[in-house]
Amino acid sequence: MRRARADTWERFYAVVRKIPRGRVATYGEVAERAGLPGYARQVGWALHALRPGTRVPWQRVVNVRGACSVRLGSGSEFEQRRRLEREGVEFGPGGRIDLGHFGWPRDRAQ
DNA sequence: AGCGAGGCTGCTG
DNA sequence: CCAGCAGCCTCGC
């Protein structure tokens, strides 16, 4: 069988925790770095299922266009943006982040 | 066991 | 950059 769900999610969390402060990574990147390319959607689900109290910088994970994909209405969207801005991440007019500037450089180690 | 939905992505226009 | 289409995996009914 494939990897157990909890095990898979733990990999995602481990990767997310490696994202440097002031940087953001896409779901696809997190999945890829976790050794599970193509699991972008599962990263989203893993963060969705993230329990309060778990120390994971989920706010640094955005979609490939640099926008917060957090489900609207949850209030987390605002929280995410507030946290990122505090880290020095700038948002564009459309509420998007310039991944070319704030994205997590793949060539660099964490 | 089947099916729709979800914090996504890459490829085409 | 946005819209449409298809593929990805897991959850919940």
Side-chain angles (χ1 to χ4, degrees):
Chain A
M1 71 164 281
R2 314 301 170 218
R3 297 155 186 74
R5 169 172 55 79
D7 201 48
T8 299
W9 292 3
E10 276 307 312
R11 289 185 184 225
F12 294 151
Y13 299 151
V15 173
V16 174
R17 275 189 282 256
K18 287 183 178 179
I19 302 175
R21 184 173 168 285
R23 297 276 184 170
V24 296
T26 66
Y27 293 92
E29 283 182 305
V30 173
E32 194 173 318
R33 285 210 175 212
L36 299 167
Y39 279 55
R41 209 155 195 171
Q42 273 43 258
V43 174
W45 194 263
L47 295 179
H48 158 75
L50 195 56
R51 303 165 302 171
T54 311
R55 291 189 296 257
V56 176
W58 55 270
Q59 73 275 17
R60 293 178 191 149
V61 183
V62 298
N63 65 29
V64 74
R65 287 171 188 150
C68 306
S69 302
V70 62
R71 186 162 41 186
L72 280 63
S74 64
S76 301
E77 44 179 341
F78 184 80
E79 173 75 5
Q80 178 173 33
R81 176 166 181 161
R82 196 176 64 77
R83 289 192 182 197
L84 288 176
E85 290 183 319
R86 192 181 56 183
E87 294 183 358
V89 177
E90 297 174 20
F91 284 73
R96 300 196 213 77
I97 301 169
D98 180 0
L99 293 179
H101 190 181
F102 298 103
W104 191 11
R106 289 158 167 275
D107 303 322
R108 295 294 184 97
Q110 316 71 52

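Letters A, B, ... mirror the listed sequences (proteins, then strands); counts begin at 1. These numbers come from the heavy atoms of this one structure, side chains and all, not from hydrogens, waters or symmetry mates. The structure displayed is predicted, hence computed values, not measured ones.
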### Summary
Side-chain atoms of A:R96 come closest, of C:dC2, B:dG6, B:dG7, to C:dC2
### Message
In this structure, how many angstroms lie between the P atom of B:dC8 and the CD atom of A:E29, rounded?
### Response
15 Å
### Message
Using whole Å, what does the distance between atom P of nucleotide B:dC8 and atom NE2 of A:H48 come to?
### Response
12 Å
### Query
Quick one: on DNA chain B, does A:W45 or A:N63 contact a more 5' nucleotide (nearest heavy atom)?
A:W45
#### Entry: 4.5 Å side-chain heavy-atom contact, A:R96 and A:V62
no
### Query
Do the side chain of A:R60 and the main chain of A:I19 share a donor and acceptor less than 3.5 angstrom apart?
yes
### Query
When you compare B:dG6 with C:dG7, how far apart are their C1' atoms, in angstrom units rounded to a whole number?
15 Å
### Summary
Taking a pair to mean Watson-Crick or G-U wobble geometry with both distances below 3.5 Å, C:dT10 pairs with B:dA5
## Note on the structure
Separation of B:dG7 atom C1' from A:Y13 atom OH, nearest Å, is 12 Å
### Query
With a cut-off of 6.0 Å (strictly less than), are more than 12 heavy atoms of other residues, nucleotides or ligands near CZ of A:R65?
no
### Query
For A:L99 and B:dG10, what is the distance between atoms CG and P respectively, to the nearest whole Å?
11 Å
### Query
In whole angstroms, how far is the P atom of C:dT10 from the CZ atom of A:R11?
13 Å
### Query
From B:dC8, B:dG10, B:dG7, pick the nucleotide closest to the side chain of A:R41?
B:dC8
### Task
Look at the side chain of A:E29 and the backbone N and O of A:V24, then say whether any donor-acceptor pair between them is shorter than 3.5 Å.
no
### Message
From the set C:dC11, B:dC8, C:dC9, return the single nucleotide nearest to any side-chain atom of A:Y39.
### Response
C:dC9
### Message
Tell me whether the side-chain N/O atoms of A:R60 come closer than 4.0 Å to OP1 or OP2 in B:dG7.
### Response
no
### Query
A:D98 has an atom CG; how far is it from atom P of C:dC1, in whole Å?
9 Å
### Message
For A:Q59, run the side-chain contact (heavy atoms from CB on, under 4.5 Å) check against A:E87, A:R82, A:R86 and tell me which one passes.
### Response
A:E87
### Task
For B:dA5 versus C:dC8, give the span between their C1' atoms, rounded off to a whole number of Å.
14 Å
### Task
Return the value, rounded to whole Å, for the distance between atom CH2 of A:W9 and atom C1' of B:dG6.
12 Å
### Query
What is the distance, rounded to the nearest whole Å, between atom CD of A:E32 and atom C1' of C:dC9?
17 Å
